[in-house]
Trainee: 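Input: one structure, supplied below.
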Amino acid sequence: MILNKYMQTRYPFKELEDKIYQLWEKGGYFKPDFGKKGPSRKTDLKKGGRFCIIMPPPNANAPLHIGHAVFVTLEDIMIRYHRMKGKTTLWLPGADHAGFETQVVFEKQLEKKGQSRFQFSREVLYKMIWDFTQKNKKVMEGQLKKLGASCDWSREKFTLDPDIIKIVYQTFEKLFDDGLIYRGKRVINWCVKHQTSLSDLEVKYEERIDPLFYIKYGPIELATVRPETKFGDTAIAVNPKDKRYKKYLGKEIEIKTLLGPAKIKVIADETIDMEFGTGAVKITPAHDAADFEVWQRHKSEIPGPKIVIDKFGRLNKRAGQYKGLKVKEARQKIAEDMAKKGLLNPSKTDHNYKHNVAVCYKCGTTIEPLISDQLFIKIKPLAEKAMTAVKKGEVKFTSKHFEKIFFHWLKNIKDWNISRQIVWGIKIPLWYCQEKKNKKCRDKNGLIVSDKKIKQCPYCRGEKLIEETDTFDTWFSSGQWPFATLLSQSRSSLKLKVQSSKFRKNIFNYTTSDFETFYPTSVMETGWDILFFWVVRMIILGIYMTGRVPFKHIYLHGLVRDKDRQKMSKSKGNVIDPLGVVELYGADALRMALVFGTSAQKDIIMSEDKIAAQQRFVTKIWNASRFILGNLDKNFNPSKIRQQNLRLTKNDKWILKELKNTTKKAAKDIEEFHFHRAAEETYHFFWHKFCDKTLEDVKKRLYSKTSTLKDRQTSQWVIYKVLVDSLKLLHPFMPFITEAVYQKLPHKPKKALIIEDWPK
RNA sequence: GGGCGCAUAGCUCAGCGGUUAGAGCAUUCGCCUUACACGCGAAAGGUCCUCUGUUCGAAUCAGAGUGCGCCCACCA
């Protein structure tokens, strides 16, 4: 008996959630054209408008973490709300191959097995990672469903889908034809462990204490932390205003080195800080980005870069007897030897010199700045357009804060290195002609864009061709995600045309209904940590390829932290596994906890307590619903009751008014991206106004034997009406419990709550 | 070095010019009242960081200070 009662009073989320998701999915409710007949979609559009979110594709290299649950929750709230508002609504899901990130994860797994990526051929490695991501992708899809994501699975895309790659190639070719791609020697961030270049964004800085040595270059003494790079020095630079060195300016001075006597030129450059060290700097253009720029300014005066460190972080033959030593060993050895020979002043060495050292953001290995051939995008002209679009309000940040950061970053943007020396990714469709037999070919610097194997240079007919093996920076392809995903939805005409046109760049002349209908999308919702990596690039590439911004609003959510404000990480052991939580408390509780008490753009503080608290709210909804549905007369039918025949009490009128206010406020708050306010408002309305006040008040009338039929009818009508509308208001936040209750209503106007109309 | 944000109840945060400053969690007290004890009813808890100004009126706007945090750039 007690057991029986217990089971009744708890909402059996475990049993119901999957079934409810199936009900939605099988009903086709996630599809934008659900309930709309035939091809007349355009007229339908006019009525309700449209709403579209392209899901930030999770990396297919690990199960979902709590951060993913945040985006699912926020985006699903918007999607469900606008769907109920009658809009043609699309939430397009996807998964990201996540080039470097995935390769790093996979490499770690190999390492655990005592293997290395370098023992596999490109093809084998690619296949292995492919299988790995496909497996992960499946897992992720299941997890997104568990969280209640009402996205249209029939439109799901993967960043390595052939049609996506096709579009990425066309973008690349257009950039190339417009002269915005160049291949050149630049000092790039090289990760010695991962054997690839990294963009500036993929580099973090660590404060370290290293000795600052004072070395003697003939009569000039200068400070450096990196004496091991001295074999690559091509000049000494001083500030033009520095009187101490005036007599040496423009002259070659005789110096002694560990490898014998040499000559080196002294030049003047304004960037040199007279205050630091001795005011004189050795210039090593092959291994320092700033020095490289000095060389660029003084090309005519001094020799070009001399490489002394190889890709494995070891000194090469330029370093004489030090060849083969690793940077760290070499530094110590060289400093010692120089001191012995009087080339270094040991008494001046600063052993407490604090400075920042660049490290790989994934493995923490010290970045070796290396000069190397890489592909770059000339980003300035593109960045300008992105800034203009934001200034004009074509794209709106929901937070001014991020808008400022956006402008600051774009103003100072540097060319984007898009080539990565890794296997996992989209191969750069580039060939290099070694012969360059005619002008046309020379003009292109021997670069040929082709995604197919070619045997001949199309310009000079030369047959000595080298194929590029690098892959694109993942963000280059994901930066095209909004238009690429929508364009690639075309089932018939476009696909054919794209395939037959090979590299015709005007695929955008062919419109597909999805691209036409949903581009620009309504909102880009993602974490602020990828503002530069992703959001900015989408704006840039979106405008470049389509002439229009990719989305109208940008909503950036914060990081999920634990209750001590710590970042969640596996090593700290403070991670909350969203799927584990769903198992324990149900998806609704997790979703509600993620919006409740958190405000836009700020970090989200999450603890299990908070989720448990929301589960209690789920229980409350369940029990209130049980009470209401259990107290309706058998023949109760709300559609047959006329409001003018009711005898509404003061309290009845009060709750109906509150309902109206809450409906209005919740709608406004969701539309203005204040999700927490909408959630809290509705929560408070339902629990503390409706349940605590109205239901208690109504009991008197329901239980009393002296109540008239009219009074009974009135109370039933009121509580039923408020319940049904509350379910609608709560549905975007807590889709499962609300749908579960809706399915039990005696008179459902629609087959499911998800396709109900938002209350008026 | 450049830029930005935050400071409100024990904790996490709302509120951002107008009654007595709110919520969730935690705390205390009373209740197994026929929807729910994952509940109900009540209570306690706040110089809204400090100072100065603007205003009829400031937690809310401005300036200065203090503390905390973040982002960008990295100079040998």
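Each chain gets a letter, A, B and so on, in the order the sequences are listed, and its residues count up from 1.
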Trainee: Using atom P of each nucleotide, how far apart are B:G57 and B:G65 to the nearest Å?
Mentor: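 Taking atom P in both B:G57 and B:G65, they lie 26 Å apart.
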Trainee: Test of understanding: with side-chain hydrogen bond (donor to acceptor under 3.5 Å, both in side chains), list the residues that count as partners of A:Asn661, not counting sequence neighbours.
Mentor: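 Checked A:Asn661 against side-chain hydrogen bond (donor to acceptor under 3.5 Å, both in side chains); zero matches.
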Trainee: Can you tell me, in whole Å, how much space there is between the P of B:G41 and that of B:C36?
Mentor: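 Nearest-Å result for B:G41 against B:C36 at atom P: 15 Å.
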Trainee: Write down the distance separating the P atoms in B:U12 and B:C32, rounded off to the nearest Å.
Mentor: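 Nearest-Å result for B:U12 against B:C32 at atom P: 36 Å.
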Trainee: Suppose we screen for ring-ring contact (aromatic ring centres under 6.0 Å, His included). Which residues come up paired with A:His355, at least two apart in sequence or across chains?
Mentor: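 For A:His355, the residues satisfying ring-ring contact (aromatic ring centres under 6.0 Å, His included) (neighbours in sequence not counted) are A:Tyr353.
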Trainee: B:C61 and B:G17: how far apart are their C1' atoms, nearest whole angstrom?
Mentor: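 Pairwise C1' distance, B:C61 against B:G17, rounds to 8 Å.
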Trainee: For nucleotides 72-74 of chain B, tabulate all protein N/O to nucleotide N/O atom pairs closer than 3.5 Å, reporting atom names and distance.
Mentor:
{"unit_1": "B:C74", "atom_1": "OP1", "unit_2": "A:Lys414", "atom_2": "NZ", "d": "3.1"}
{"unit_1": "B:C74", "atom_1": "OP2", "unit_2": "A:Tyr205", "atom_2": "OH", "d": "3.4"}
{"unit_1": "B:C74", "atom_1": "N3", "unit_2": "A:Asn356", "atom_2": "ND2", "d": "2.9"}

Trainee: At 4.0 Å (heavy atoms only), tell me whether A:Ile283 reaches a base, stays on the sugar-phosphate, or touches nothing.
Mentor: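 Counting heavy atoms under 4.0 Å across all strands, no contact is made by A:Ile283.
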Trainee: How long is the line joining OH of A:Tyr720 and C1' of B:A35, in whole Å?
Mentor: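 Rounded to the whole Å, the gap is 17 Å.
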Trainee: Please measure how far the C1' atom in B:A9 lies from the corresponding atom in B:A59, and state the result in whole Å.
Mentor: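 Going atom to atom, C1' in each nucleotide, I get 14 Å.
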Trainee: Tell me the interatomic distance from A:Lys700, atom NZ, to B:U33, atom C1', rounded to whole angstroms.
Mentor: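 Distance check: A:Lys700 NZ to B:U33 C1' gives 13 Å.
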Trainee: Expressed in whole Å, how much space separates the P atoms belonging to B:C51 and B:U66?
Mentor: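 It works out to 15 Å between them.
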Trainee: Test: salt bridge (charged side-chain N to carboxylate O under 4.0 Å, His left out). Region: residues 278-288 of chain A. Which pairs qualify, not counting sequence neighbours?
Mentor: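 Listed once each, the pairs are A:Asp233-A:Lys282.
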Trainee: For RNA chain B, please output the secondary structure as dot-bracket, reading 5' to 3'. Pairs are Watson-Crick or G-U wobble, both atom distances under 3.5 Å; mark crossing pairs with [ ], other-strand partners with |, unpaired with a dot.
Mentor: (((((((..((((....[...)))).(((((.......))))).....(((((..]....))))))))))))....
Trainee: Mind checking side-chain hydrogen bond (donor to acceptor under 3.5 Å, both in side chains) for A:Ser199 and listing every partner two or more places apart, or none if nothing turns up?
Mentor: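 Result, side-chain hydrogen bond (donor to acceptor under 3.5 Å, both in side chains) vs A:Ser199: A:Glu202.
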Trainee: Does A:Glu680 have any side-chain hydrogen bond (donor to acceptor under 3.5 Å, both in side chains) partners at least two apart in sequence or in another chain, and if so, which?
Mentor: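 In terms of side-chain hydrogen bond (donor to acceptor under 3.5 Å, both in side chains), with neighbours along the sequence ignored, A:Glu680 is linked to no residue.
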Trainee: Not counting sequence neighbours, which residues clear side-chain hydrogen bond (donor to acceptor under 3.5 Å, both in side chains) with A:His557? List them please.
Mentor: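 By the side-chain hydrogen bond (donor to acceptor under 3.5 Å, both in side chains) rule, A:His557 matches A:Glu525.
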Trainee: Describe the nucleic acid contact of A:Val618 in one word from base, sugar-phosphate, nothing, applying a heavy-atom distance below 4.0 Å.
Mentor: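 Nothing, no nucleic acid heavy atom in range.
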Trainee: Could you check how far CG of A:Asn623 sits from C1' of B:A35, rounded to whole Å?
Mentor: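 Between C1' of B:A35 and CG of A:Asn623: 5 Å.
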Trainee: Please tell me which of A:Val281 and A:Arg561 maps to the more 5' nucleotide of RNA chain B, matching each residue to the nucleotide holding its nearest heavy atom.
Mentor: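 Looking at RNA chain B, the more 5' nearest nucleotide goes with A:Arg561.
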Trainee: Under a 3.5 Å cutoff, is there a donor and acceptor pairing between the side chains of A:Gln614 and A:Asp588?
Mentor: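 No.
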Trainee: Across nucleotides 9-27 of chain B, 5' to 3', mark each nucleotide with B, S or - according to how protein heavy atoms within less than 4.0 Å reach it.
Mentor: ---SSSS--------SS--
Trainee: Rounded to the nearest Å, what distance is computed from the CD1 atom of residue A:Ile737 to the C1' atom of nucleotide B:A35?
Mentor: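 Result: 13 Å.
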Trainee: In whole angstrom, give the distance that lies between atom CZ of A:Arg226 and atom C1' of B:C75.
Mentor: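 Going from CZ in A:Arg226 over to C1' in B:C75 covers 15 Å.
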Trainee: Got a sec, which residues hit salt bridge (charged side-chain N to carboxylate O under 4.0 Å, His left out) with A:Asp529, two or more places apart in sequence or on another chain?
Mentor: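 Applying salt bridge (charged side-chain N to carboxylate O under 4.0 Å, His left out) to A:Asp529 gives none.
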Trainee: Measure from NZ on A:Lys404 to P on B:C4 and round the result to the nearest Å.
Mentor: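 Computing the A:Lys404:NZ to B:C4:P distance gives 6 Å.
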Trainee: What residues form a ring-ring contact (aromatic ring centres under 6.0 Å, His included) with A:Trp687, not counting sequence neighbours?
Mentor: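 For A:Trp687 the ring-ring contact (aromatic ring centres under 6.0 Å, His included) partners, ignoring immediate neighbours, are A:Phe617, A:Tyr683.
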Trainee: Between B:C36, B:C4, B:G41, which nucleotide has the shortest distance from any of its atoms to the side chain of A:Lys620?
Mentor: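 Nearest listed nucleotide: B:C36.
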Trainee: Please report the distance, rounded to the nearest Å, between CD1 in A:Ile405 and P in B:C6.
Mentor: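 Atom-to-atom, A:Ile405 to B:C6, this comes out as 12 Å.
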Trainee: Tell me, please, which residues at least two apart from A:Ala69 pass side-chain contact (heavy atoms from CB on, under 4.5 Å).
Mentor: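 A:Leu147, A:Pro578, A:Leu590, A:Leu594.
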Trainee: Do A:Asp603 and A:Arg561 sit within salt-bridge range, that is, some charged N less than 4.0 Å from a carboxylate O?
Mentor: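 A salt bridge is present here (some side-chain N lies under 4.0 Å from a carboxylate O).
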Trainee: Could you tell me whether A:Tyr353 contacts a base, only the sugar-phosphate backbone, or nothing, with contacts defined as non-hydrogen atoms closer than 4.0 Å?
Mentor: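 A:Tyr353: backbone/sugar contact only, no base atoms under 4.0 Å.
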Trainee: In whole Å, what separates the C1' atom of B:G45 from that of B:A26?
Mentor: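 One C1' to the other, the span is 12 Å.
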Trainee: Less than 3.5 Å between a donor and an acceptor, one on the side chain of A:Thr619 and one on the base of B:C38, is that the case here?
Mentor: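 Answer yes: a donor N or O sits under 3.5 Å from an acceptor.
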Trainee: Give a yes or no answer on whether the side chain of A:Thr694 reaches the backbone of A:Cys691 with a donor-acceptor pair at less than 3.5 Å.
Mentor: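 No.
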Trainee: Pick out which of A:Phe406, A:Trp409, A:Trp416 makes a ring pair (Phe, Tyr, Trp, His ring centres under 6.0 Å) with A:Phe532.
Mentor: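 Filter result, single survivor: A:Trp409.
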Trainee: Distance check: side-chain N/O of A:Arg10 vs OP1/OP2 of B:C36, anything under 4.0 Å?
Mentor: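 For B:C36, neither OP1 nor OP2 has a side-chain N or O of A:Arg10 closer than 4.0 Å.
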Trainee: How many whole angstroms separate atom CZ of A:Phe627 from atom C1' of B:C40?
Mentor: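 The distance from CZ of A:Phe627 to C1' of B:C40 comes to 14 Å, rounded to the nearest Å.
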Trainee: Please give the distance between the C1' atoms of B:C38 and B:G24 as a whole number of Å.
Mentor: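 Taking atom C1' in both B:C38 and B:G24, they lie 15 Å apart.
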